[in-house]
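Please read all numbers here as calculations on a predicted model, not as lab measurements. Order of the sequence lines fixes the chain letters, A, B, ..., with proteins taken first and strands second; residue numbering starts at 1 for each chain.
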There are 2 protein chains.
Amino acid sequence: MNIAHHLYSNNIKPSVQRIKIFEYLYNSKNHPTVDTIYCQLAGEIPTLSKTTVYNTLKLFIENGITSSLIIDGNEARYDAIMKKHAHFKCNDCGYIYDIEINDLKLKDSQLAGFEIGETNIHLIGKCKKCLTK
Amino acid sequence: MNIAHHLYSNNIKPSVQRIKIFEYLYNSKNHPTVDTIYCQLAGEIPTLSKTTVYNTLKLFIENGITSSLIIDGNEARYDAIMKKHAHFKCNDCGYIYDIEINDLKLKDSQLAGFEIGETNIHLIGKCKKCLTK
DNA sequence: TTCTAAATTTGTAACGATTACAATTATGGT
DNA sequence: ACCATAATTGTAATCGTTACAAATTTAGAA
Ligand SMILES: [Mn+2]
Ligand SMILES: [Mn+2]
Ligand SMILES: [Zn+2]
Ligand SMILES: [Zn+2]
């Protein structure tokens, strides 16, 4: 996965900041918050500004290579995996799992004629790891 | 539906504020925000404080007669309908529709051994009304 | 009724995530 | 090198929410 090329082919000029931010997002796979991303990269890019992280993620979202998810309400998390999937957040360890969706059936009649642009599914509970310890 | 009794039977002492807030929530059915509730009731209860609205909704949630939903990341909305259902938000008119869930199939293997406490589903798009005008 | 303690409500200040904005820095073409 | 444009940065403002202490109300005992 060549990140610079990935950005280019999505109409994003690959600056150092953009490459590093996407690289972190893509490799970490832990649905980080802006603060997490900022703190992780502040070492590598000492001049990095939190505003840049916000701007960059917004740009990524607008160009369809990142999505945001809000599970807690208080702060947004980001995801470089664009394949449609659900999320499970464990209330104990805080980890957010990716869950594949096999099928979602809603009552058709109510949504007939509606245009659905986005489907968000998130579950909350306790994960296996936390339950068995 | 006797609201005072409904509160009582859920271990909530029915004060004037609590009754009015639940009454509004239950009758309006439009998933109001704290600000909406506050502004609506400020006329009836001139001394009402926004903090009371926050406190009261928190109490309702703790006692299981209200749920909160976050569709836009910026502000919480509240719902007195406790039956499990999904939400559809129209990006044009802003209205939030209640949608019945017929079935949700996730990949079982990934959630085996997990304890699911909450399931949130919200769709975003354009509603029929807005598309046909 | 009157007194008193606990519960509830209220107003203000603090908080934290996000956004606005203007200044600075980097980039790319001439 | 020079200039125009884009990107980054730092600071201040915004806004929903929470903390907290003071004021008010409630309910039970005396
Ligand atoms: Mn994910
Ligand atoms: Mn609803
Ligand atoms: Zn866990
Ligand atoms: Zn609409």
Side-chain angles (χ1 to χ4, degrees), chain A residues 3-4 7-8 10-25 31-63 65-79 94 96, chain B residues 3-4 7-8 10-25 31-63 65-79 94 96:
Chain A
I3 288 171
L7 299 183
Y8 249 127
N10 285 93
N11 306 313
I12 296 168
K13 235 179 271 183
S15 69
V16 173
Q17 287 87 344
R18 290 170 180 176
I19 290 175
K20 291 285 184 190
I21 290 171
F22 192 83
E23 187 182 40
Y24 177 75
L25 193 60
H31 309 95
T33 64
V34 163
D35 198 64
T36 305
I37 297 170
Y38 172 74
C39 291
Q40 287 296 320
L41 298 182
E44 286 184 72
I45 313 170
T47 62
L48 184 65
S49 160
K50 206 175 262 190
T51 301
T52 299
V53 180
Y54 276 106
N55 290 342
T56 303
L57 290 168
K58 191 180 174 210
L59 184 71
F60 288 172
I61 290 171
E62 284 166 358
N63 290 86
I65 62 170
T66 294
S67 64
S68 73
L69 50 133
I70 292 160
I71 292 194
D72 301 354
N74 55 326
E75 72 188 322
R77 293 171 172 279
Y78 297 87
D79 198 338
I96 295 172
Chain B
I3 289 171
L7 299 183
Y8 250 127
N10 286 92
N11 306 312
I12 296 169
K13 235 179 271 180
S15 68
V16 173
Q17 288 86 343
R18 290 170 179 176
I19 290 176
K20 291 285 185 190
I21 290 171
F22 192 83
E23 187 181 41
Y24 178 74
L25 193 60
H31 309 95
T33 63
V34 163
D35 199 63
T36 305
I37 297 170
Y38 172 74
C39 292
Q40 287 296 320
L41 297 182
E44 286 183 73
I45 313 170
T47 63
L48 184 65
S49 161
K50 206 176 263 191
T51 301
T52 299
V53 180
Y54 277 106
N55 291 343
T56 303
L57 290 168
K58 191 179 175 213
L59 184 71
F60 288 173
I61 290 171
E62 284 166 358
N63 290 85
I65 61 169
T66 293
S67 63
S68 73
L69 50 134
I70 292 161
I71 292 195
D72 316 344
N74 55 328
E75 70 188 327
R77 292 171 172 278
Y78 298 87
D79 198 337
I96 295 172

Inset, instruction - Would you indicate, yes or no, if D:dT9 has its OP1 or OP2 atom less than 4.0 angstrom from a side-chain nitrogen or oxygen of A:Thr52? - result: yes
Inset, instruction - Return no unless some side-chain N or O of A:Tyr54 is found under 4.0 Å from OP1 or OP2 of C:dT19. - result: no
Inset, instruction - Starting from the C-alpha separation in whole Å, work towards a yes-or-no answer on side-chain contact (heavy atoms from CB on, under 4.5 Å) for A:Leu69 and A:Ile71. - result: CA-CA 6 Å; A:Leu69 50 133; A:Ile71 292 194; 3.9 Å; yes
For [X] and [N], give me the distance from atom [atom1] to atom [atom2], rounded to whole Å.
X	N	atom1	atom2	value
A:Asn55	C:dA22	CG	P	15 Å
A:Phe60	D:dA7	CZ	C1'	13 Å
B:Leu59	C:dA7	CG	P	13 Å
B:Tyr78	D:dG16	OH	P	12 Å
B:Leu48	C:dT8	CG	P	16 Å
A:Tyr38	C:dA17	OH	P	14 Å
B:Ile37	D:dT17	CD1	C1'	14 Å
B:Ile45	C:dT9	CD1	P	9 Å

Inset, instruction - Mind listing the residues from residues 14-25 of chain A sitting with a heavy atom below 4.0 Å of DNA chain D? Number order is fine. - result: A:Ser15, A:Gln17, A:Arg18
Legend entry - Whichever of B:Ile12 and B:Lys50 has its nearest DNA chain C nucleotide further upstream toward 5': B:Ile12
Inset, instruction - Check A:Asn10, A:Thr56, A:Leu25 against A:Thr66 for a side-chain contact (heavy atoms from CB on, under 4.5 Å) and give me the one that passes. - result: A:Leu25
Legend entry - Strand-adjacent residues in residues 67-77 of chain A, judged by heavy atoms under 4.0 Å from DNA chain C: A:Asn74, A:Glu75, A:Ala76
Inset, instruction - Check every strand shown and say whether A:Asp35 touches a base, only sugar-phosphate, or nothing at a heavy-atom separation below 4.0 Å. - result: nothing
Inset, instruction - With heavy atoms under 4.0 Å as the rule, sort B:Thr33 into base, sugar-phosphate or nothing. - result: nothing
Legend entry - Closest listed nucleotide, where the reference is the side chain of A:Thr47 and the choices are D:dT9, C:dT18, C:dA7: D:dT9
Legend entry - Nearest listed nucleotide, side chain of A:Thr51, among D:dT18, C:dT8, C:dC21: C:dC21
Inset, instruction - Ignoring hydrogens and angles, tell me if any N or O in the side chain of A:Arg77 forms a donor-acceptor pair with the backbone of A:Thr33 under 3.5 Å. - result: no
